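These notes are about the structure you will find just below.
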Protein chains: 2
Amino acid sequence: MARKQTMDHTQLLVLSLLAGEDMYGYQMIVELARRSDHTFEMKEGTLYPVLHGLERSGAVEAYEQEAPTGRVRKYYHLTRRGAAFLKEEARAWQTYSGAVNAVLRACPALDPA
Amino acid sequence: MARKQTMDHTQLLVLSLLAGEDMYGYQMIVELARRSDHTFEMKEGTLYPVLHGLERSGAVEAYEQEAPTGRVRKYYHLTRRGAAFLKEEARAWQTYSGAVNAVLRACPALDPA
DNA sequence: AAATTATACATAGAACCACGAGGTATGTCA
DNA sequence: TGACATACCTCGTGGTTCTATGTATAATTT
């Protein structure tokens, strides 16, 4: 009966992070954890394939930039195409979560929760 | 870029349907579609394996009952154990959807949506 | 100075989950 | 009698995320 918190809607979250500013992978993981109050602890094994996929589909563009520390980081930038995709995904999330909530509201056992 | 509406959180939805009354499989599909304004059109290939899993884990119990038409239907009943599981899942959904919304709120590009 | 931790990127394999496609069968209506 | 809605079920596939692992550098601790 153990509950495993799967991410899902990963693309939506990743794109929404990049809507504010360009970020590099590691930063996105830390930021996502912070903004979600540590509900989401995305793994590298999840993030990087997603980023590469978004890059292939033209939603993001990557460029390298040296950090003050001397390390080279790979930043990702949201393209116009990616911004449009983000809006789509956000709308889909509204629909999806709204539908779940509607079903739950029809369930008497959960009101006093 | 096509958006595929995956169900996910299927167990939660199935359990919440059974919290109100006993139902049989086909009925659950119809009810879920109705309550979600047709956002969720669960497939038999999704529902029946889930129901069998819930039965194995003791969250639901099945019994057969003849319909007025003469057909025998398989009804599912939520057990006490299943009700507890439902509460857990509902809380997990609150946490999850709350976290997604928190991340989206931090995203400037989506406010005028 | 050495060891550990945090930073930073990446991939391959395993596991899970929902779906599509298909199968079986009965009741109803034209 | 043919079509359609009802009603149940399973198998194989594909997509998605995780675990595990690998590489490498900077910062911190011992």
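Below, read A as the first sequence line, B as the second, and so on, with proteins coming before strands; counting in each chain starts at 1. FYI, side chains are in, hydrogens and waters are out, and symmetry mates aren't considered; it's all heavy atoms of this structure. Predicted model only: the values in this text are computed from it and were never measured.
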Please write out each protein N/O paired with an N/O of nucleotides 9-13 of chain D under 3.5 Å, distance rounded to 0.1 Å.
unit_1  : atom_1 : unit_2 : atom_2 : d
dC9(D)  : OP1    : K74(B) : NZ     : 2.7
dC9(D)  : OP2    : H52(B) : NE2    : 3.4
dT10(D) : OP2    : H52(B) : ND1    : 3.3

Would you give the length of the straight line joining atom [atom1] of [X] to atom [atom2] of [Y], rounded to the nearest 0.5 angstrom?
{"X": "L51(B)", "Y": "Q11(B)", "atom1": "CG", "atom2": "CD", "value": "10.0 Å"}
{"X": "F85(A)", "Y": "L78(A)", "atom1": "CZ", "atom2": "CG", "value": "11.0 Å"}
{"X": "L110(A)", "Y": "Q94(B)", "atom1": "CG", "atom2": "CD", "value": "8.5 Å"}
{"X": "E61(B)", "Y": "L54(B)", "atom1": "CD", "atom2": "CG", "value": "12.5 Å"}
{"X": "L12(B)", "Y": "L104(A)", "atom1": "CG", "atom2": "CG", "value": "5.0 Å"}

| request: Please lay out, stage by stage, how Q27(A) and L17(A) fare under the test side-chain contact (heavy atoms from CB on, under 4.5 Å). | output: CA-CA 10 Å; Q27(A) 182 185 9; L17(A) 286 170; over 6 Å; no
When the rotation axes relating C1' atoms of four end pairs to the next four are compared across the helix from dA1(C)-dT30(D) to dA30(C)-dT1(D), five pairs an end, they differ to 10° by 10°
TODO: Check each of L47(A), L13(A), T10(A) against L32(A) using the side-chain contact (heavy atoms from CB on, under 4.5 Å) test, and report the only one that passes.
DONE: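 Only one of L47(A), L13(A), T10(A) forms a side-chain contact (heavy atoms from CB on, under 4.5 Å) with L32(A), namely L13(A).
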What is the distance from [atom1] of [X] to [atom2] of [N], rounded to the nearest Å?
{"X": "Y75(B)", "N": "dT6(D)", "atom1": "OH", "atom2": "C1'", "answer": "12 Å"}
{"X": "E55(A)", "N": "dA10(C)", "atom1": "CD", "atom2": "C1'", "answer": "13 Å"}
{"X": "K43(A)", "N": "dA10(C)", "atom1": "NZ", "atom2": "P", "answer": "19 Å"}
{"X": "L47(B)", "N": "dC17(C)", "atom1": "CG", "atom2": "P", "answer": "15 Å"}
{"X": "M42(A)", "N": "dT7(C)", "atom1": "CE", "atom2": "P", "answer": "16 Å"}
{"X": "Y96(A)", "N": "dA18(C)", "atom1": "OH", "atom2": "C1'", "answer": "11 Å"}
{"X": "F40(A)", "N": "dC18(D)", "atom1": "CZ", "atom2": "P", "answer": "10 Å"}
{"X": "R73(A)", "N": "dT25(D)", "atom1": "CZ", "atom2": "P", "answer": "16 Å"}

hydrophobic_cluster_shared for F40(A) and Y48(A), side chain cutoff 4.5 Å |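 Yes, Y48(A) connects to F40(A) through the hydrophobic network.
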Under the 3.5 angstrom rule, does the side chain of [X] hit a backbone N or O of [Y] as a donor-acceptor pair?
{"X": "S36(A)", "Y": "A99(B)", "result": "no"}
{"X": "T79(B)", "Y": "G58(B)", "result": "yes"}
{"X": "R81(A)", "Y": "S57(A)", "result": "yes"}

Numerically ordered, the residues 15-32 of chain B set in heavy-atom contact under 4.0 Å with DNA chain D is Y24(B), G25(B), Y26(B)
Exercise for review: Report, as yes or no, whether the 6.0 Å neighbourhood of atom CD on E31(A) holds more than 12 heavy atoms from other residues, nucleotides or ligands.
Suggested key: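 Yes, because the 6.0 Å sphere around CD of E31(A) holds more than 12 heavy atoms from other groups.
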Contacts of H77(A) meeting side chain to side chain donor-acceptor pair (under 3.5 Å) (sequence neighbours excluded), chain-then-number -> D22(A)
ring-ring contact (aromatic ring centres under 6.0 Å, His included) pairs touching residues 55-75 of chain B, sequence neighbours excluded, are Y24(B)-Y75(B), Y63(B)-Y75(B)
Tabulate atom names and distances for all N/O pairs under 3.5 angstrom spanning the protein and nucleotides 26-30 of chain C.
unit_1  : atom_1 : unit_2 : atom_2 : d
dT26(C) : O2     : R71(B) : NH1    : 2.6

Just N and O in the side chain of T10(A): are any of them under 4.0 Å from OP1 or OP2 of dT17(D)? yes
